[in-house]
Amino acid sequence: MDYDPQELEAEWRARWDAENRYEPDPTDAAAPEDEETTFITVPYPYPSGGMHIGHARTYTVPDVYARYRRQQGDEVLFPMAWHVTGTPIIGAVERLQKREESQMSVLQDTYNVSDDVLEDLETPMGYAHHFIEEHYKKGMRSLGLSIDWRREFTTNDDRYSKFITWQYETLKERDRLEKGLHPVKYCTEQENPVTTHDLLEGEDVEYQEYTLIKFEQGETVVPMATLRPETVRGVTNAYINTDATYVEAAVDGETWLVSAEAAEKLELQDHEVEIRREFAGSEVVGDTVTNPVTGDEIIILPAEFVDPDNATGVVMSVPAHSPDDYLALQEAKADPDRLESYGIDPAEVDAIEPVPILDVEGYGEIPAKDAVESAEITDSTDPELEEVTQDVYNAEFHTGTLHEEYGEYAGEVIEDVRDELATNYREQGAFGAMYDFPEPVVSRAGGKVVVAYQDTWFLTYNDEDWKDAAKRAVERLDTTPENTRGEYTHTIDWLNEWPCIRNYGLGTRLPWDDEFVIEPLSDSTIYMAYYTIAHRLEEIPVEDLDGDFFDALFYGDDAVDGDADERALDLRAEWQYWYPVSQRFSANDLISNHLTFFLFHHAELFDEAQWPEGITIMGMGLLEGEKMSSSKGHVVLPGKAIENYGADTVRFFLLNSAEPWQDYDWRADQVEGVEDQLRRFWNRAQELIGDDAADAAANVDPEGDLEHIDRWLLSKLQTTIDDVTAALDNAETRTASQAAFYGFEEDLKWYRRRADLDRDGAVWTLRHVLETRLRLLAPFVPFLTNELHEQLTGTPAEDAPWPEVDEGWQSPRTETEERQIERLADDVQDILTVTEQNPETIRVYVAADWKREVFETVREVGTDVGQVMGEVMQDPDLRERGDAVNDLVQDLVELVRGVDDDTLAAMSKIDERSTYETAVDFLEREHDAEVAVYAEDDEGIDDPGGKASNAVPFRPAIHIE
RNA sequence: GCGAGGGUGGCUGAGCUAGGCCAAAAGCGGCGGGCUUAAGACCCGCUCCCGUAGGGGUCCGAGGGUUCGAAUCCCUUCCCUCGCACCA
């Protein structure tokens, strides 16, 4: 039978469907709590686009684990659902409606959406359903994922919303939610908050919090924005854009002078703003303002480089520490005519000197001057200026120490005191703050995007008692790999309040304030519990799913006043049967949000017994060494890959090329290599499956009819079982599949060379080995292994139990003997390679008995040469041999040092001569030469080359001619 | 900058948590040979340098150190990737 993955895989899919194979229900066992249940989850996909090969791996990793646990005898639940919450799908639909080119390209070219269904995609759920049905579900079924599809749902379903409603009402009752103001990106055109997806320009730009230093001009405040508040004592002058429009406005009861744009932003940032007067910047040029910290009077100079649309539109100049400011000052001084045209006395400007306020290593007294001069920058348009400025800023921030006049902060490093200093002055009223982008940001609607304060509900992840509970959840969690544990605790420490709502998007409305929608990272924290009951909830009318219902379901009878809903209590049994989550598989970049939220919410809402047991994180995928990108069409679709190579090949490649948590790279040439390997495996298996092979094996009594080399292979098989099991227990899919497949293939290669394969014993051995390997490989390549195992034994591999180590076949001695033979073969080969001779006779000389005695001494005494010599020299016979003994001890000490205790024990048991004699046939066959084995101290030894005396225990001398 | 993970032979990539069977797995690629009418598949050998006897030399980003012994442990340094929040 030829290997035809398409045909064979289709058959098994049909069988699984017909049998409802992966739809577990709680069993009726008397004590269900005694039963081993394994509940495996993975983040539900977000169907804002199609499935690609990266997703295929994300969902195959948990599938392999699920299949492994099933073979180990567990009841395993592996469900799937769809995350549609938030704006990405809505955004995608809008771009589709506008027939945006890039969006059309993704849909039509990358995901092959045909024109006749395009219309169906023009509603959010229509869009989602298309990708769910046509891409994800088809892909997952083709891959052979053992999912219980009865439990499928979307996060936009009414019943799911009822569940989330219950969750958020419960959290509010427990004071884990708080209302407050928060800066958001805001489109001035649409007068609405926007997300990164809504941006046309500046997607990567993050807003920053500027400190406003409130310079004064009489009663008027002239706030100057800076990211370096500690430089307040180094300000020598201010700059204003002469052509821009500025306003005098009442801001929170004070009179402020800022750019017109700034006034608008301040209003959006929760300030009372009333504009009284507009004027050009030039009007105030030449005026002086007072530094609120030092009391110094400084002059406002004209400047074109000041952007009125950045922060307040008025900037302060710190020429000692800012290369930009230093150059600007130089340039101002160089143009007295211009100054005069604004009525400024050039002499006044000429007198301005940089005022250093900190010391920094690697620079002189005036760092900005140093930096500019050593880089030989003379012009503020020099592109190198930016780099130099960054260097100065970095150096000053991390190593700069403040001068004496900073009082309590004197001598401190900027990095350590900047925030404290700014907060301090803010409290005293000298400083203010505002948010703004350092670069222009534009929405897709074409409007300018600014930072606005918005009323928001927060999850209070900063509550200390909640953090403590989350940390306890981490402590009892099994983290894979283990070194990610610290990342969870680190995230918990660092996590602050989390705004959990949005103004629009799909999902569940905030129960008590329905203009808000609960955002995606906040409606996906305990949904794993929903899987346990999702399919049965369908029978219950939506309106019955109120708070009491879920209280009864999750907290039991006592949690509700009056009689609890029987249906809820019934579902509670199934929830308790499956919960907690045994293993959650997720992407490593979700540790800093989703996975930690998952822990927070479980810690808050459920008892410790229901907290997650394990999280395994997964790495990123590359395609031919580059990041996948659906917008660039740089993706491989699972359907296509499966069509080309078969699902088993796809699975095996994805699971075998890297451990789950490592990054992996889909390379077509390597995938083809895997397909070849599987086909080879199939063909070899076929040779062992026919009636002839079965009959041959039936003749064999494994106790009596097997040879040394058969037992060696069976011993290796036990080691492999052990290794694969240990690896899969740790979700090490790569190690496990490597050991079961490639690792053992090496052993088989040797076996085929060494053994006479026509013997019935060999057939029996190979069939036994095949059966065991099929079971070990079943989680990885379920189609192929099921088929072959069924052909071989009558049952599919997935129905066969996981192999256990049979100690009867474990034999360190056999393995050690075989290693000696292998080594001898290698040595012969080496000699032949170097001498390039065609051998006629190969003579092997085993070391003399006295040498073996010395070995035994080393083994007993240990690897201290002096001690061994002391012991050996007690023996008069050995003493006579003098230097020869000394050399031998040196060699043997080296040998013993390199060997573990078990191997050493096995070595002391083996008889070298008879071991090599069993390999005579093999060596003769390999080299087409006569092979003879002698002992060095034999009477009738034939030693034409005089080599025999070179023999050392476990290193026989060899003579070839 | 902070946090995490890396730098290994032509490439991919093990080993490095428990230092010695490590010139360093496996796959791919390359070379030579076998099988075959031929191709493919399959099998064998070679694939850092030197060597007509199983050996020697150099090597695991760089530089130091610990040790009888280090790719593996410690220190310093250079470089790369990812995350850093309201994006899912």
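Reminder, nothing fancy here: chain letters follow the sequence lines and each chain counts from 1.
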> Looking at B:rG27, B:rA26, B:rC86, which one has an atom nearest to any side-chain atom of A:Gln677?
Replying inline: B:rG27
> Looking only at N and O atoms, is any donor in the side chain of A:Asn593 or the base of B:rA88 less than 3.5 Å from an acceptor on the other one?
Replying inline: yes
>> If you apply the rule side chain to side chain donor-acceptor pair (under 3.5 Å), what do you find for A:Glu487 with A:Ser592, and how did you get there?
In response: CA-CA 8 Å; A:Glu487 291 187 56; A:Ser592 61; over 6 Å; no
> Which residues pass the side chain to side chain donor-acceptor pair (under 3.5 Å) test with A:Asp928, sequence neighbours left out?
Replying inline: none
Heteroatom pairs (N/O) under 3.5 angstrom, protein to nucleotides 43-49 of chain B:
from, atom 1, to, atom 2, distance (Å)
B:rG45, OP1, A:Arg753, NH1, 3.1

> Got a sec, which residues hit salt bridge (Lys or Arg N to Asp or Glu O under 4.0 Å) with A:Asp676, two or more places apart in sequence or on another chain?
Replying inline: none
> Please walk me through it: do A:Phe597 and A:Trp498 pass ring-ring contact (aromatic ring centres under 6.0 Å, His included)?
Replying inline: CA-CA 10 Å; A:Phe597 297 175; A:Trp498 181 268; 4.8 Å; yes
> Which of these nucleotides, B:rC28, B:rA88, B:rG83, is closest to any side-chain atom of A:Ser592?
Replying inline: B:rG83
> Excluding sequence neighbours, so at least two apart, what forms salt bridge (Lys or Arg N to Asp or Glu O under 4.0 Å) with A:Asp665?
Replying inline: A:Arg667
> NA contact type, A:Ile591, heavy-atom cut-off 4.0 Å: base, sugar-phosphate, or nothing?
Replying inline: nothing
> For A:Phe585, what residues pass the ring-ring contact (aromatic ring centres under 6.0 Å, His included) criterion, not counting sequence neighbours?
Replying inline: A:Tyr65
> Which nucleotide, B:rA85, B:rA88, B:rC87, lies nearest any side-chain atom of A:Asn496?
Replying inline: B:rA85
>> Measure CD/A:Gln738 against C1'/B:rA25 and give the value in whole Å, please.
In response: 9 Å
> The side chain of A:Val834 lies closest to which of these nucleotides: B:rA85, B:rG83, B:rA53?
Replying inline: B:rA53
>> If you assign each of A:Gly673 and A:Arg823 to its closest nucleotide in RNA chain B, which residue comes earlier from the 5' end?
In response: A:Gly673
>> Checking A:Tyr527 now: which residues fulfil side chain to side chain donor-acceptor pair (under 3.5 Å) with it, not counting sequence neighbours?
In response: A:Arg584
>> Going by the rule salt bridge (Lys or Arg N to Asp or Glu O under 4.0 Å), which residues pair with A:Arg734 if we only count those two or more places apart in sequence or in a different chain?
In response: none
> When the distance from NE2 of A:His594 to P of B:rA88 is rounded to whole Å, what number comes out?
Replying inline: 13 Å
>> Nearest to the A:Asp669 side chain among B:rC86, B:rC28, B:rG54, which nucleotide is it?
In response: B:rC28
> Under a 4.0 Å heavy-atom cut-off, which of residues 954-961 of chain A touch RNA chain B?
Replying inline: A:Arg955, A:Pro956, A:Ala957, A:Ile958, A:His959, A:Ile960
>> Measuring from the side chain of A:Trp498 (C-beta onward, heavy atoms only), which nucleotide among B:rC87, B:rG54, B:rA85 has the closest atom?
In response: B:rA85
> Considering only side-chain heavy atoms of A:Ile831, which listed nucleotide, B:rC84, B:rC86, B:rG54, is closest?
Replying inline: B:rG54
> Can you list the residues that meet the salt bridge (Lys or Arg N to Asp or Glu O under 4.0 Å) rule with A:Lys749, with sequence neighbours excluded?
Replying inline: none
> Taking only residues two or more places apart in sequence or in another chain, which ones pass ring-ring contact (aromatic ring centres under 6.0 Å, His included) with A:Tyr3?
Replying inline: A:Trp682
Strictly under 3.5 Å: I want the nitrogen or oxygen pairs between protein and nucleotides 2-6 of chain B, one per line.
from, atom 1, to, atom 2, distance (Å)
B:rA4, O2', A:Glu487, OE2, 3.3
B:rG5, OP1, A:Asn483, ND2, 3.4

> Going by modelled atom types, is there a donor-acceptor pair between the base of B:rG83 and the side chain of A:Asp589 at under 3.5 Å?
Replying inline: no
>> At under 4.0 Å between heavy atoms, how does the protein contact nucleotides 7-16 of chain B? Give one character per nucleotide, 5' to 3', with B, S or -.
In response: -----SSS--
>> Which nucleotide wins on minimum distance to the side chain of A:Thr835, given the candidates B:rA85, B:rA53, B:rC86?
In response: B:rA53
